[in-house]
Amino acid sequence: AATKEKSANEIWTLIMHLADAAMKEAEQSMKDGESKKQMVIDSVKAGCKAAGINLDAFIDQLSDYIDDTIDFVNSMKK
């Protein structure tokens, strides 16, 4: 079980890195917040598909991570 857990954590770390890179890219676009979020999710999905990772198990976690990161960045801008 420990091996599987580590594997899930490693996968989640990779997903966060993909999301961080995608958020930086989305921030440069002139899209609204919801469109940017979808752009990030689509980008992460593409990265995961290329890496052979099934994102389905992490999709809610990814959505929350994007929201939390955006909230944090916005709070730093105030």
Side-chain angles (χ1 to χ4, degrees):
T3 313
K4 264 198 186 306
E5 186 57 41
K6 187 175 189 301
S7 159
N9 285 336
E10 286 172 353
I11 291 168
W12 175 239
T13 299
L14 176 66
I15 291 169
M16 286 190 298
H17 288 304
L18 287 168
D20 291 341
M23 281 188 271
K24 285 183 183 132
E25 203 165 294
E27 204 46 52
Q28 305 305 314
S29 78
M30 292 299 152
K31 297 180 177 184
D32 62 53
E34 206 49 45
S35 299
K36 286 180 187 174
K37 183 176 178 180
Q38 191 55 53
M39 192 175 152
V40 172
I41 291 172
D42 290 344
S43 178
V44 173
K45 276 184 181 173
C48 285
K49 188 175 182 183
I53 295 168
N54 182 357
L55 183 61
D56 295 347
F58 297 95
I59 198 73
D60 292 338
Q61 200 175 350
L62 172 61
S63 181
D64 291 344
Y65 177 72
I66 295 167
D67 291 341
D68 292 347
T69 303
I70 291 167
D71 289 346
F72 176 74
V73 169
N74 288 341
S75 72
M76 297 303 282
K77 290 180 181 173
K78 289 178 183 166

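These numbers come from the heavy atoms of this one structure, side chains and all, not from hydrogens, waters or symmetry mates.
Residues forming a side-chain contact (heavy atoms from CB on, under 4.5 Å) with Lys77 (at least two apart in sequence, or on another chain): Glu27, Val73, Asn74. For the side-chain contact (heavy atoms from CB on, under 4.5 Å) test, no residue two or more places apart in sequence or in another chain qualifies with Asp71. Among residues two or more places apart in sequence or in another chain, the side chain to side chain donor-acceptor pair (under 3.5 Å) test is passed with Thr69 by none. Under the rule for a salt bridge (charged side-chain N to carboxylate O under 4.0 Å, His left out), Lys45 has no partner lying at least two apart in sequence or in another chain.
Here ring pair (Phe, Tyr, Trp, His ring centres under 6.0 Å) pairs that include residues 59-78, with residues two or more places apart or in two chains, are Trp12-Tyr65.
Atom CD of Gln61 sits in a crowded spot, with more than 12 heavy atoms from other residues, nucleotides or ligands closer than 6.0 Å. The number of heavy-atom neighbours closer than 6.0 Å to CG of Asp60, taken from other residues, nucleotides and ligands shown, is 12 or below.
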Does the side-chain contact (heavy atoms from CB on, under 4.5 Å) test come out yes or no for Ser63 and Lys37, once each step is laid out? CA-CA 8 Å; Ser63 181; Lys37 183 176 178 180; 2.8 Å; yes
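With Ile66 as the fixed residue, the side-chain contact (heavy atoms from CB on, under 4.5 Å) test singles out one of Val44, Ile41, Asp20: Ile41.
For the atom pair CG of Leu14 and CG of Leu18, the computed distance is 4.5 Å after rounding to the nearest 0.5 Å. With rounding to the nearest 0.5 Å, the separation of CE in Met16 from CD1 in Ile11 is 12.5 Å.
Shortest non-hydrogen contact noted between Ala19 and Leu62 is CB-CD1, 3.8 Å.
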Going by atom type alone, with no hydrogens or angles, which donor-acceptor pairs under 3.5 Å involve a side-chain atom of residues 48-58 and a protein atom two or more places apart or on another chain?
residue : atom : partner : partner atom : Å
Asn54   : OD1  : Asp56   : N            : 3.0

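Side-chain N or O atoms of Ser43 include none that pairs as donor or acceptor with a backbone N or O of Met39 at under 3.5 Å.
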